[in-house]
Amino acid sequence: MKIFSFSPFGYEGSLVAVEVDIRRGIPAIDVVGLADGAVKESRERMKSAIRNSGFEFPLERVLISLSPADLKKEGAGFDLAIALAVLDAQQQDESDEAVLVMGELELSGQLRPVRGVHAAVSTAMAAGITKCIVSSANAEEAREVESMKVFAAENLTEAFGAIYDSKLFVSGADLQKNGLSGAGRGIPEGSVKIGEVYFGPVDSEHEFAEILGQKRLIRALQIAAAGCHNLIAFGPPGCGKTLSIQKFTALQPLLTVEEAQSVTRIHSLAGLLQPSSPIIRMGAFRMPHQTASIEGMCGGGVNCRPGEISLAHNGVLFLDEAAEFKTSVLQMLRVPLESGSITLSRAGRTSIYPARFQLLMATNPCPCGNFGVPGKLCLCSARAVEMYWKKFSGPLLDRIDLRVSVEGKSTADRTDGTRGDNPSTAQLRQEIARAVEIQRKRGVKNGYLKPQEILQYCSLDKESKEYLEKQIELCDFSQRSVSGCLRLARTIADMKGEENIKLEHLQEAVSFRKNDGPLSCMEEN
């Protein structure tokens, strides 16, 4: 029997072959293969677990080899694999059948869950290993990998019995978990289906109809959700920027099963998966604090753990009070926004994490927040406002398609007790669902259209071309700005169910792309 475990490093990780040799000599247990302290301590845990489970531990010299030998192994996830390898060595079984084993052992022989199971099972499946043994708490997570046959063990005795009985291994398809399959897997209770697109349940905290005013911001958020476009909202403190953007999760469609696999793998490696949610269908909404470091945003550490931009993969990264983030952190976002991935290098090894996130930012127009606000006095110097906006830089802002200036509402408007006059969340979802369904059939989201795809899907009639050329001259649009306008126009047309982009769609797109307010002041400098 060939027993494998998994060593998490970065996004890919590595399979580890666990081999045991029992030979004559003074009784001792040796572990070779760059094992860290936690792996070496597993010698005592698995020895006690084997004896307390009713098995005999060999009174000879035991050599445990973890290969590849030059790969550092960390964590308690090797406990069960090492224990089963020791027991199998005593059986002198020469079978070539391979099995993936992950789990932490208690001294009693009971199993505890470990992180990274989804990533381990995915890697094993790609390597041709179709059977795995994990703790019962990790079983649903493992079964989310298609075609993998899983045995959920409660203790070492059950796990050892399963090694030689293939009938005990069951796949997720065999169980028909929750009576759902395909697109229905992992959909939260109370979700809403519009056409072929699912949305999560809505509560009062995510109802847009309650918001007073801010129709332009809400329209921009609707377009952003429909086409995965980046957005920045700027306005005075208390105008409703953060409140509106935090409701954005209600407009996010649930991920497809294919999109969810990479997201689930990342969260599995980070140890964030819950037993009740073995597959993540809700798009992430990450909101890091302004003190976040480059390592916290990019990822890193000894094992290249995922950072905020990877945890926001296929979801949203929201930077509230964005100008308060370090300049280096903001500039770091430029390459991942363009490439959809980030490469991390640590200790001679490299890992590539997916980081296809949607960037939403909210910021004040100046350090004091009163720049350009009617009836309020701005105490900031021109130099202070310029330096405030230079934190973002032109190249970063050029990657943001939607730019919204948010006006403050009067106190009377906020306290008169009347309900907001905006469309409800259910109404906003209708057009979003229409656009998302079209894009899924097309095979690419509008916010990520490449130049050749823009030429294919964003053709304009003569009138629209003349209008765009005029706006390019008036607004001094860069080539990336023109591409952003075309992508926005394509999304707006999709929301209306139109096959071709019309002049009105392009006009609305350009209105959101124009450099208004402090943005224009900043970019002129």
With distance as the sole test, does His313 use its side chain to make a donor-acceptor pair with the main-chain N or O of Arg356 at under 3.5 Å?
yes
Are any of the side-chain nitrogens in Glu140 or Arg143 under 4.0 Å away from the carboxylate oxygens of its partner?
yes
How about Tyr448 and His229: do any of their side-chain heavy atoms sit closer than 4.5 Å?
no
Does the Glu295 side chain pair with the main chain of Gly300, one donor and one acceptor, at a distance under 3.5 Å?
no
Identify which one of Arg442, Arg440, Lys441, Arg487 satisfies the salt bridge (charged side-chain N to carboxylate O under 4.0 Å, His left out) criterion when paired with Asp494.
Arg442
Which pairs of donor and acceptor atoms, one on a side chain in residues 284-292, lie under 3.5 Å apart (sequence neighbours left out)?
residue: Arg286; atom: NE; partner: Glu308; partner atom: OE1; Å: 2.8
residue: Arg286; atom: NH2; partner: Glu308; partner atom: OE1; Å: 3.4
residue: Arg286; atom: NH2; partner: Glu308; partner atom: OE2; Å: 3.0
residue: His289; atom: ND1; partner: Thr291; partner atom: N; Å: 3.2
residue: His289; atom: ND1; partner: Thr291; partner atom: OG1; Å: 2.9
residue: Gln290; atom: NE2; partner: Asp320; partner atom: O; Å: 3.1

Counting distance only, does the side-chain N/O of Gln439 pair as donor-acceptor with the main-chain N or O of Asn446 below 3.5 Å?
yes
Should the pair Glu504-Lys496 be classified as a salt bridge under the 4.0 Å nitrogen-to-oxygen rule?
no
Does the distance from a Lys or Arg side-chain N to an Asp or Glu carboxylate O, for Glu259 and Lys445, drop under 4.0 Å?
yes
Candidate pair Glu453 and Arg490, rule salt bridge (charged side-chain N to carboxylate O under 4.0 Å, His left out), full reasoning
CA-CA 11 Å; Glu453 293 169 332; Arg490 179 68 270 170; over 6 Å; no
Just how far is it from atom SG of Cys380 to atom CE of Met387, taken to the nearest 0.5 Å?
13.5 Å
Cation-pi, Phe512 ring and Arg216 (6.0 angstrom, 45 degrees):
yes
Tell me if a side-chain donor or acceptor on Arg513 pairs with a main-chain N or O of Ile400 at a distance below 3.5 Å.
yes
Aromatic ring centroids of Trp389 and Phe371 under 6.0 Å?
no
Ignoring hydrogens and angles, tell me if any N or O in the side chain of Lys247 forms a donor-acceptor pair with the backbone of Glu205 under 3.5 Å.
yes
Counting N and O atoms only, with roles assigned by atom type, does the side chain of Arg399 sit under 3.5 Å from a partner on the main chain of Asn230, one being a donor and the other an acceptor?
no
Looking only at atom types and distance, does a side-chain atom of Asn370 sit under 3.5 Å from a main-chain N or O of Val373, one as donor and one as acceptor?
no
So which of Glu141, Glu144, Met148 actually passes side chain to side chain contact (heavy atoms under 4.5 Å, CB included) with Val121?
Met148
Do Thr123 side-chain atoms and Ala119 backbone N/O form a donor-acceptor pair below 3.5 Å?
yes
Taking Ser459's backbone N and O only, do any of them form a donor-acceptor pair with Asn500's side chain (distance below 3.5 Å, no angle check)?
no
Hey, is Arg219 close enough to Glu431 for a salt bridge, meaning N to O under 4.0 Å?
yes
Between the main-chain N or O of Ile266 and the side-chain N or O of Tyr11, is there a donor-acceptor pair closer than 3.5 Å?
no
Less than 4.5 Å apart, side chain to side chain, heavy atoms only: is that true for Leu221 and Leu428?
no
